[in-house]
Every structure is written in structure tokens, then in C-alpha cells.
Amino acid sequence: TPLATISLAVDALRNEKVLQDREKMEYFSGIIKEENKRMNKHVETILQSALLDRQEVKLNLKPVHAHAVINEVLENFELQLQNKKAVAEVNLNASNDLVMGDDVHFTNLISNLVDNAIKYSKENLQIKITTHSTSRHIVIRIEDNGIGMSKETQRRIFEKFYRAHTGNIHNVKGFGLGLSYVKTMVDAHNGKIRVDSTLGKGTIFTIDMPLAKEKSLSH
């Protein structure tokens, strides 16, 4: 994601109109600087993912507001969403959004799901992100109107290196690690994730994440 955003920002900086507007130059160079910082975080995460295989990852759990994470992720994707002329509908209705989470990994798992929606989108991408809370969980739902997936793909989507065959229409790069990482991280946070999808119509990922208990907050 940071690389794709940096690439878009560099293209913008080469635009004649932008070159003549100091404010815009500062805006896009600021984006590059921020994304570079995020890239460093991602590299750390990838190194930690290598530890995941050996069950050695240590989550740094602390109270995290899920809504703040979702808003931050959407902000990070703003350029890419604009580039796709996408519409993001956000309804954060959960009355309680406080989870015990690892800030970096929790942000990354939400980020990977939004990235997935963008990668496998058609024209007129629409992303809907909604939340609600039950007595013990926050439910986060990320829905898109993209290419969807078959039942076979839905069964295997969280496997490491699994990649749905989309032909060359969707020039998707990467190693198919994103959703395997998402599943591992949801499990590590004692949450649950499920996928519902219709080929050609879109996909919904639903995450149930336990809310922070009051005892945890007092430590």
C-alpha cells in the first residue's frame, strides 16, 4: 500500500500544475514522507510475520479504539481511493469500540482488507465499512462491490500463498500473504473472521473482536 501511494504521489509531483503550486508540492511530498514511515513499519511487520511461523510473535496489547484505527486506515488509502474514483461509506455505529489490540498489527489487518477490496475492484468501486457492538464483541464489516470469489476460493482464501485465478484482467501483484496474515492476526487477538462472497457481485469480510474487559484497563 505505501508503495502504491508513493507511486501515485510521485506521478502527481510530475504534473505541470502541481509543479507550479507550492502548497500542492508540499502536500504530495508530505504524503511520500508519511508513507515512507509506514513502509518502515511494514518491514518490521514482515520480519515479525516470519516469527509467526515459529509461533514467536509477541503482540504488544493495549487498549485500542477500533474506530480510530478504521479512520486512520481510510486516510492512508485516500489517494488510492481517489485514483479509483471510489466511494467509501463508513457507518461506525458500535457504542463500544475499545479492544485490547496490538496497534501495528490491528491497523495492518484492517489495512489489508481495504487493500484487498481495492485490488479486486471493478469500475465504480464502493466500499462499505460498518461496525456495531454486542455485550462482548465489536463486529467490523468490510463490504465491496468487486469481482467476488467462488466457493472454492472462499474455502481457501486464508491459506498462505493462495491466490485466486483472476486471469490477467486484474494485474494483482504480491504473494498472497495478505489474508493469511489477517487470519493469523485475528486469531492472535482471540477474534473470528468470516467471508461471504458472490462471484461478480462483491465480498464481505466480517470480524468479531472481543472488547477490552474493564480489568484489563486497570492494569
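In this chain, numbering begins with 1 at the start of the sequence shown.
For the atom pair CD of Glu26 and NZ of Lys33, the computed distance is 14.0 Å after rounding to the nearest 0.5 Å. Separating the CG atom in Leu61 from the CG atom in Asp102 is a distance of 6.5 Å, to the nearest 0.5 Å. Between the CD1 atom of Ile127 and the CG atom of Asp144 there is a distance of 7.0 Å, given to the nearest 0.5 Å. Thr107 OG1 to Asn76 CG: the interatomic distance, rounded to the nearest 0.5 Å, is 8.5 Å. The distance from the CG atom of Leu79 to the NZ atom of Lys84 is 14.0 Å, given to the nearest 0.5 Å. Distance CD1/Ile118 to CD/Gln80: 5.0 Å, rounded to 0.5 Å.
The two residues Lys122 and Gly146 make their nearest non-hydrogen contact at CE-O, 3.5 Å. Across all non-hydrogen atoms, the minimal contact from Thr203 to Gly148 is OG1-CA, 3.6 Å. What you find for Leu81 and Ala88 is that their closest heavy atoms are CD1-CB, 4.5 Å. In terms of heavy-atom proximity, Ala94 sits nearest to Thr131 at N-OG1, 3.1 Å. Residues Leu19 and Arg14 approach most closely at CD1-O, 4.0 Å, considering heavy atoms. Closest heavy-atom contact between Ser197 and Gly202: OG-O, 3.0 Å.
Here the side chains of Thr5 and Ile32 are not in contact, with every heavy-atom distance at 4.5 Å or above. Looking only at side-chain heavy atoms (C-beta outward), Ile129 and Asn91 stay at 4.5 Å or farther from each other. A 4.5 Å side-chain heavy-atom check between Glu159 and Ser180 finds every atom pair outside the cut-off. Contact annotation: the side chain of Phe158 approaches that of Ile193 to within less than 4.5 Å [non-hydrogen atoms, C-beta and beyond]. Side-chain contact check for Met149 versus Ile157: some heavy-atom pair is nearer than 4.5 Å.
No donor-acceptor contact under 3.5 angstrom links the side chains of Asn93 and His132, judged on distance only.
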Apply the test side-chain contact (heavy atoms from CB on, under 4.5 Å) to residues Ser111 and Arg38: give CA-CA distance (whole Å), side-chain angles for both, the deciding distance (0.1 Å), then the verdict. CA-CA 12 Å; Ser111 188; Arg38 287 184 63 226; 3.9 Å; yes
Step by step, work out the side-chain contact (heavy atoms from CB on, under 4.5 Å) result for Met25 and Val18. CA-CA 6 Å; Met25 289 282 288; Val18 174; 4.2 Å; yes
Set out, in order, the CA-CA distance, both residues' side-chain angles and the distance that settles side-chain contact (heavy atoms from CB on, under 4.5 Å) for Asn60 and Asp103, then state yes or no. CA-CA 8 Å; Asn60 178 20; Asp103 200 18; over 6 Å; no
For Glu89 and Gln126: C-alpha separation, side-chain torsions, deciding distance, then whether side-chain contact (heavy atoms from CB on, under 4.5 Å) applies. CA-CA 8 Å; Glu89 188 185 314; Gln126 290 181 310; over 6 Å; no
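Follow the hydrophobic side-chain contacts under 4.5 Å out from Leu92 and you reach Phe77 in the same cluster. Residues Leu74 and Leu8 do not share a hydrophobic cluster, clusters being chains of Ile/Leu/Val/Met/Phe/Trp/Tyr side chains in contact below 4.5 Å. Using a 4.5 Å cut-off between side-chain heavy atoms of Ile, Leu, Val, Met, Phe, Trp and Tyr, with links allowed through other members, Ile140 and Val195 fall into the same hydrophobic cluster. At a threshold of 4.5 Å between side-chain heavy atoms, the hydrophobic network of Ile, Leu, Val, Met, Phe, Trp and Tyr places Ile31 and Val73 in two separate groups. Hydrophobic cluster membership is shared by Leu59 and Leu109, with clusters built from Ile, Leu, Val, Met, Phe, Trp and Tyr side chains linked at under 4.5 angstrom.
Of the possible donor and acceptor atoms, none in the side chain of Thr198 sits under 3.5 Å from a partner among the backbone N and O of Lys201. Distance alone, capped at 3.5 Å, is enough to place a donor-acceptor pair between the Asn145 side chain and the Asn124 backbone. A donor-acceptor pair under 3.5 Å is formed between the side chain of Asn96 and the backbone N or O of Leu98.
A salt bridge links Glu152 with Arg156: the closest approach of a Lys/Arg side-chain nitrogen to an acidic carboxylate oxygen falls below 4.0 angstrom. Using a 4.0 Å cut-off between a side-chain N of Lys or Arg and a carboxylate O of Asp or Glu, Glu143 and Arg141 qualify as a salt bridge. Look at Lys17 and Asp21 and you find no salt bridge, because none of the NZ, NE, NH1 or NH2 atoms lies under 4.0 Å from a carboxylate O.
Remark: Lys192 NZ is loosely packed, at most 12 non-hydrogen atoms of other residues, nucleotides or ligands lying under 6.0 Å away. No more than 12 heavy-atom neighbours from other residues, nucleotides or ligands sit within 6.0 angstrom of CD on Glu123. Environment of CD in Gln82: crowded, with over 12 heavy atoms of neighbouring residues, nucleotides or ligands closer than 6.0 Å.
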